[in-house]
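Not measured: the values here are computed from a predicted model.
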Amino acid sequence: MREKRLREILRLFHSNAISEGEIMSALKRLPFEDMGFAKVDHHRAIRCGSPEVIFCPGKTPAQTVRIATALAKSGSNVLATRAGKDVVRALKKRFPRAVHNDLARTVAVRVSPIEPLPGRVVVVAAGTSDLPVAEEARVTAEIMGANVAAIYDVGVAGLHRLLSHQGQLRDATVIIVVAGMEGALASVVGGLVSAPVIGVPTSVGYGASFQGLAPLLTMLNSCAAGVTVVNIDNGFGAGYTAALICRAAAGKTGKKP
């Protein structure tokens, strides 16, 4: 159940359009749907602001489709991350209008209108090899309602490329910085802006980067204040958090999404 639907039920009750018994029946429904292999959380949007997201690895195509169908029937928009080819085919067959981002490895199904959040998320990627993680962050933030801009291939090996985008960076509500190798870009961006910076270390790099451990440690040890860090290759976590920051900022300014 989405918050919008809950508010609609309460308005109907206050206008005497539905009875107390009907509203109690709606509210007494289990907050999750038990499928045996999964318990689909239909109340997550009410608690957390966004519906449950499907992490595809380890799930069969049939399981993924059943979860997605349950979410869609409840009125929730669906986002499946790290979707392999078999899962993509199954979801596209079930939802012909599903949007597949091959680079991000995501499948999005829009069932309900997305309520836009104020502010802007800017996703910055150090190199082209970091784009799968950057795109996962972008898709996630957008389906949650964030206005997202992307600045790609602006790593520290050519710092002038980043500096040409200072206006966009300074206007951002929150910035996601995606970088592999040594991961220095998050510190550089953090030293240029007043917005919070979410660093996303990627597993891109040669052997001594240890599949993303080197950029992770660099970002965790950033000398720039205002830089926080998610796990290696966790574009989803960065996009989700960035949207939450926009939502929180809206609450403080009195603006409504």
Side-chain angles (χ1 to χ4, degrees), residues 53-57 79-85 87-88 91-92 98-108 120-144 146-166 168-169 172-190 192-193 195-216 218-219 222 227-243 245-246:
V53 172
I54 306 170
F55 179 70
C56 296
L79 176 63
T81 64
R82 304 299 171 95
K85 292 180 179 179
V87 169
V88 172
L91 287 172
K92 290 284 286 183
V99 177
H100 172 223
N101 185 315
D102 185 52
L103 194 58
R105 295 171 291 173
T106 59
V107 179
R120 172 168 288 191
V121 176
V122 175
V123 181
V124 180
T128 305
S129 298
D130 299 306
L131 292 191
V133 178
E135 280 291 284
E136 184 181 62
R138 182 185 65 78
V139 169
T140 301
E142 284 183 342
I143 202 167
M144 291 180 65
N147 176 13
V148 185
I151 302 173
Y152 290 163
D153 196 23
V154 289
V156 297
L159 200 55
H160 55 290
R161 300 173 298 177
L162 175 69
L163 297 178
S164 68
H165 295 279
Q166 287 187 78
Q168 275 183 284
L169 295 174
T173 306
V174 55
I175 301 171
I176 298 171
V177 178
V178 183
M181 300 290 185
E182 83 295 345
L185 186 61
S187 293
V188 173
V189 173
L192 294 173
V193 300
V197 174
I198 303 171
V200 189
T202 74
S203 51
V204 171
Y206 292 104
S209 69
F210 297 106
Q211 293 78 52
L213 181 59
L216 171 64
T218 298
M219 292 179 182
S222 174
V227 176
T228 189
V229 188
V230 298
N231 208 344
I232 298 168
D233 291 335
N234 189 9
F236 163 74
Y240 192 98
T241 302
I245 291 172
C246 288

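Closest approach of Thr202 to Gly180, counting heavy atoms only: OG1-CA, 3.1 Å. Nearest heavy-atom pair, Val200 versus Ile176, reported as atom, atom and distance to 0.1 Å: CG2-CG2, 3.7 Å. The two residues Ile175 and Ala172 have their closest heavy-atom pair at CG1-CB, 3.6 Å. Across Pro201 and Leu216, no two heavy atoms sit closer than the pair CB-N, 3.5 Å. A pairwise comparison of heavy atoms in Tyr240 and Thr140 identifies N-CG2, 3.6 Å as the closest pair. The shortest heavy-atom contact between Leu213 and Ile232 is N-CD1, 3.9 Å.
A donor-acceptor pair is defined here as one N or O able to donate and one able to accept, closer than 3.5 Å; such a pair exists between the side chain of Thr218 and the backbone of Glu182. Checking side-chain atoms of Ser209 against main-chain N and O of Tyr206 turns up a donor-acceptor pair under 3.5 Å. Side-chain N or O atoms of Thr173 include one that pairs as donor or acceptor with a backbone N or O of Arg120 at under 3.5 Å. Looking only at distances, no side-chain donor or acceptor of Asp130 sits under 3.5 Å from a matching main-chain atom of Val204. Of the possible donor and acceptor atoms, none in the side chain of Ser222 sits under 3.5 Å from a partner among the backbone N and O of Met219. Under a 3.5 Å cut-off, the side chain of Gln166 and the backbone N or O of Leu163 do form a donor-acceptor pair.
Residues Val123 and Tyr152 are in side-chain contact: their nearest non-hydrogen atoms beyond the backbone lie under 4.5 Å apart. In this structure the side chain of Val124 reaches within 4.5 angstrom of the side chain of Leu169, judged on heavy atoms. In this structure the side chain of Ser187 never reaches within 4.5 angstrom of the side chain of Val227, judged on heavy atoms.
Taken from NE2 in His165 to NE2 in His160, the straight-line distance is 10.5 Å, to the nearest 0.5 Å. Note that the OG1 atom of Thr228 and the CD1 atom of Ile245 stand 8.0 Å from one another [nearest 0.5 Å]. Note that CG of Leu79 and CZ of Phe55 are 12.0 Å apart. Values are rounded to the nearest 0.5 Å. To the nearest 0.5 Å, the span separating CG on Leu192 from CG on Leu162 amounts to 6.0 Å. With rounding to the nearest 0.5 angstrom, the CD atom of Glu135 is 5.0 Å from the CG atom of Asn101.
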How far apart are the C-alpha atoms of Val107 and Val87, what are their side-chain angles, what is the distance that settles it, and do they pass the side chain to side chain contact (heavy atoms under 4.5 Å, CB included) test?
CA-CA 9 Å; Val107 179; Val87 169; 5.8 Å; no
For salt bridge (charged side-chain N to carboxylate O under 4.0 Å, His left out), just list the numbers for Arg82 and Glu136, CA-CA rounded to whole Å, side-chain angles, deciding distance to a tenth of an Å, and then say yes or no.
CA-CA 9 Å; Arg82 304 299 171 95; Glu136 184 181 62; 2.9 Å; yes
